[in-house]
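Below is one structure, written out as structure tokens; the observations come after it.
These figures come from a predicted structure and were not determined experimentally. Convention: sequence-line order gives letters A, B, ...; per-chain numbering from 1.
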Amino acid sequence: MPELPEVETTKEGIAPYLVGKKITQVVVRQPQLRWPIPAEVQELKNVEVFSVLRRAKFILINTAAGQVLLHLGMTGALRILPQGVPPEKHDHVDIWLSSGKMLRYTDPRRFGAVLWAALGEQHAMLAHLGPEPLSEAFTGSYLHSKAASRRQAVKTFIMDNKIVVGVGNIYAQEALFKAGIHPSRAAGRISKARYDKLRQAIVEVLQAALKAGGTTLKDFTKADGQPGYFQQELAVYGKGGQPCTVCGAELKKATHGQRSTVYCGQCQR
DNA sequence: ATCGGGACCTGCTTGC
DNA sequence: TGCAAGCAGGTCCCGA
């Protein structure tokens, strides 16, 4: 489900229900996600939520006691529900709120995570992340300098969280198509001008998806249960074998870092 | 220092 | 119809 636009959409959707409320209890039915859910989270009681932020694909819930970090992995989702709605199979965690509602975490594959950082401390997981793609620190020059002498394919390069966060498999493919760059091209063999273009493409693709409320995939819905509307705008993702919308050539399929890639052999060099 | 591959886990689709 | 293989939004960790 979630790439950065989906995580941002989810964060925006849940924040109004959390900020200023207290967490009254945390109900954990399945503590074994990607990592075990820390005891500090499970024991939260009567703690006020100050803010809900996003860093990379983490949703950060800042409370009077410390920070809860939520990651949705591949298939995670968060919903606001009235307390007491019976859980279904993959509803692993409920965070009860003083408003009478609760935040429910659902994740069939359990690649997601619920983590904890003590007050004033930063979780190790956030320590070595690259810049946010929609921040001023993310520029073509930055990418160009980071790529120097790297032989790695540019697609896996831009999906590396240490380079830039929030670019997942869907938007990496879309951005490379938009920038006209072949996904297999070595990162270190791309000019600064082309990195300027790639940066621009990444920003545009993410912003368009954000505006549309996230990509609708099999099961992505916003916190209010409404689907996102970006899927119809995808140019290459999941479209191998179909004609390129620009030149009509048959879109090709490849694999990078064990993730599938679709691209146009004509438009992308 | 980089890199590619394996691992984690479930469910849906595809093909024999 | 049944069953196994293949594939899916993420990303840490390991060995070469």
### Query
For Phe58(A) and dG9(C), what is the distance between atoms CZ and P respectively, to the nearest whole Å?
19 Å

### Message
Tell me whether the side-chain N or O atoms of Arg259(A) pair up with the base of dA8(C) as donor and acceptor below 3.5 Å, since no angle test is needed here.
### Response
no

## Note on the structure
Assign each of Arg151(A) and Arg34(A) the nucleotide of DNA chain B bearing its closest heavy atom; nearer the 5' end lies the nucleotide of Arg151(A)

### Query
What distance, rounded to whole Å, do you find between the two P atoms, one in dG6(C) and one in dG6(B)?
14 Å

### Summary
From the candidates dC12(C), dT10(B), dG6(B), the one with an atom nearest any side-chain atom of Trp35(A) is dC12(C)

### Query
Separation of Gln32(A) atom CD from dT10(B) atom P, in whole Å?
11 Å

### Task
Give the cluster check for Val68(A) versus Ile59(A): same hydrophobic cluster or not, with ILVMFWY residues linked at side-chain heavy-atom distances below 4.5 Å.
yes

### Task
Check if the side chain of Gln258(A) and the base of dG6(B) share a donor-acceptor pair of N or O atoms closer than 3.5 Å.
yes

### Task
Give the nucleotide from the list dA8(C), dC3(B), dG10(C) with an atom nearest to the side chain of Phe111(A).
dG10(C)

### Query
Between Leu72(A) (CG) and dC9(B) (C1'), how many Å, whole number?
16 Å

### Message
Is the shortest side-chain heavy-atom distance between Val93(A) and Gln30(A) below 4.5 Å?
### Response
no

### Message
Before you tell me yes or no, could you show the steps for Arg55(A) and Glu132(A) under salt bridge (charged side-chain N to carboxylate O under 4.0 Å, His left out), namely the whole-Å CA-CA distance, both residues' side-chain angles and the distance that decides it to 0.1 Å?
### Response
CA-CA 8 Å; Arg55(A) 171 70 172 116; Glu132(A) 289 287 329; 2.9 Å; yes

### Message
Rounding to an integer number of Å, can you tell me how far Met74(A) CE sits from dC12(B) P?
### Response
15 Å

### For atom CG of Leu69(A) and atom C1' of dT11(C), their distance in whole Å
15 Å

### Query
Which nucleotide in the list dG11(B), dG9(C), dC3(B) gets nearest to the side chain of Ser260(A)?
dG9(C)

### Message
With a 3.5 Å limit on both atom pairs, tell me what dG9(C) is paired to, counting Watson-Crick and G-U wobble, or say none.
### Response
none

### Query
How do Met125(A) and Arg109(A) order along DNA chain C: which one's closest nucleotide is nearer the 5' end?
Arg109(A)

### Message
Are Ile202(A) and Tyr171(A) packed together at the side-chain level, in the sense that at least one heavy-atom pair is separated by less than 4.5 angstrom?
### Response
no

### Message
Applying a 4.0 Å non-hydrogen cut-off, can you work out what Asp107(A) is touching in the nucleic acid: base, sugar-phosphate, or nothing?
### Response
nothing

### Task
Find out whether Leu69(A) and Leu126(A) are in side-chain contact, i.e. whether some heavy atom of one side chain is under 4.5 Å from a heavy atom of the other.
yes

### Task
Output the single nucleotide from dG11(B), dC9(B), dG10(C) whose closest atom is nearest the side chain of Glu3(A).
dG10(C)

### Task
Determine the contact category for Lys89(A): base if any of its heavy atoms lies under 4.0 Å from a base atom, sugar-phosphate if only primed atoms, P, OP1 or OP2 are that close, otherwise nothing.
sugar-phosphate

### Task
Could you work out the separation of dC3(B) and dG9(C) based on their P atoms and round it to a whole Å?
22 Å

### Query
Given that Ala148(A) and Gly257(A) both sit by DNA chain B, which one's nearest nucleotide is further toward the 5' end?
Ala148(A)

### Message
For dG11(B) and His90(A) - does any side-chain N or O of the residue sit under 4.0 Å from the phosphate oxygens OP1/OP2?
### Response
yes

## Note on the structure
Here the distance between atom C1' of dT11(C) and atom CG of Leu33(A), to the nearest Å, is 15 Å

### Message
Tell me whether Arg79(A) is salt-bridged to Asp91(A), with the criterion being a basic N under 4.0 Å from an acidic carboxylate O.
### Response
yes

### Query
In terms of side-chain heavy atoms of Arg110(A), which of dG10(C), dT10(B), dA8(C) is nearest?
dT10(B)

### Task
For Gln152(A) and dG5(B), give me the distance from atom CD to atom C1', rounded to whole Å.
13 Å

#### Entry: Tyr237(A) side-chain N/O to dG9(C) phosphate OP1/OP2 under 4.0 Å
yes

### Query
Please give, in whole Å, the distance from dC3(B) P to Met159(A) CE?
15 Å

